[in-house]
2 protein chains.
Amino acid sequence: MSSQFGNKIRTLREEQNLLLRQVASILEMDTAQLSKIERGERHAKKETVLKIAVILKVNDDELLTLWLADQIYDVVKDERNAIKAMLVAEEKFEYLKIHKQK
Amino acid sequence: MSSQFGNKIRTLREEQNLLLRQVASILEMDTAQLSKIERGERHAKKETVLKIAVILKVNDDELLTLWLADQIYDVVKDERNAIKAMLVAEEKFEYLKIHKQK
DNA sequence: ATTATATTTGCCAAATAATGTCAAGTCAAA
DNA sequence: TTTGACTTGACATTATTTGGCAAATATAAT
């Protein structure tokens, strides 16, 4: 369980002495929901990540990177070929970035 | 569209002069389904990947790696932080592999 | 200890996404 | 123009994710 994104935003929130329900209310989301997100039991939407970055006054990219990394990790976590597959995916990504096409 | 896994198995199948419907029938799956998998329009189940490896007489890992890479790519394809996130995910994977815990 | 507040948990219904199946479509070769 | 291989699109079915609520637990204050 336990996600890097969740850990990060929980730490930030606590550092700023904000309550779950305060942040949840700004996000117009159930407190329980946010609690689950912080503990990695649920995924946040990208939109939510962006809003949280504003609320906690941090850079988008830092949070988005952790959030994405969690999703990738979920996909590969039980796979023997995880590392190789990530390298292949990186290559494909880099390749397509250069030859910009879908 | 177009997946590395799909391209690979289509190539292998054609090299061996097998018809979609022949392979599909061994897999007990609709021909249309397999067609979509080969063209990357649908995902194969892991179980299906393994069966295909047997049918096409190739190594599991080769196909599983491509199949996984496709899934990773789907997650990151439109993300600015894709590369960074993959690195973070790799580190987490390596880290947990060493400190074997969930 | 009792109350008050914060967070977590479990459950279920609603929403969303993935899959399977079929019929009709295209395309190329005979 | 008929046949066989493959593709496409639509739809029903199934599976997974989400949101929301109420009850349970913790944590803190009085």
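To find a chain, count down the sequence lines: A is the first, B the second, and so on, and within it residues start at 1.
Residues satisfying the side chain to side chain donor-acceptor pair (under 3.5 Å) criterion with A/Glu79, sequence neighbours excluded, are B/Lys46.
With contacts defined as side-chain heavy-atom distances shorter than 4.5 Å, the pair B/Val75/B/Gln71 does not qualify. Contact of the A/Glu94 side chain with the A/Glu91 side chain is not registered, since no non-hydrogen atoms from C-beta on lie closer than 4.5 Å. For the pair B/Asp70/A/Val88, no side-chain contact is recorded, criterion being any heavy-atom separation below 4.5 Å from C-beta on.
Within the structure, every side-chain polar atom (N or O) of A/Thr31 is placed at least 4.0 Å from both OP1 and OP2 of C/dT7. One finds a side-chain N or O of A/Arg39 lying less than 4.0 angstrom from the OP1 or OP2 phosphate oxygen of C/dT9. In this model, the phosphate group of C/dA18 is not approached by any side-chain N or O of B/Arg42 to a distance below 4.0 Å at OP1 or OP2.
As rounded to whole Å, 11 Å separates atom P of D/dA28 from atom CD of A/Glu14. We find that CG of B/Leu19 is positioned 17 Å from P of C/dA28, with the value rounded to whole Å. Computed from coordinates, the A/Arg13 CZ to C/dA6 C1' distance equals 9 Å when rounded to whole Å. Per the geometry, CD belonging to A/Gln33 stands 8 Å off C1' belonging to D/dG20, to the nearest Å. Between A/Leu27 atom CG and D/dT18 atom P the separation is 15 Å, expressed in whole Å. Straight-line distance from the CG atom of A/Asp30 to the P atom of D/dT17: 19 Å, rounded to whole Å. At whole-Å resolution of the value, CD in A/Glu41 and C1' in D/dT18 are 12 Å apart. To the nearest angstrom, C1' of D/dT14 lies 10 Å from NZ of B/Lys45.
Heavy atoms of B/Arg21 sit under 4.0 angstrom from primed sugar atoms or phosphate atoms, though from no base atom.
Closest to the B/Arg10 side chain, of the nucleotides D/dT7, D/dT18, C/dT8, is D/dT7.
Of the two residues near DNA chain C, B/Glu28 and A/Leu18, the one whose nearest nucleotide lies more 5' is A/Leu18.
One N or O donor and one acceptor, one from the side chain of B/Lys36 and one from the base of D/dG9, sit under 3.5 Å apart.
Look at A/Arg39 and A/Glu41 and you find a salt bridge, because one of the NZ, NE, NH1 or NH2 atoms lies within 4.0 Å of a carboxylate O, short of that distance.
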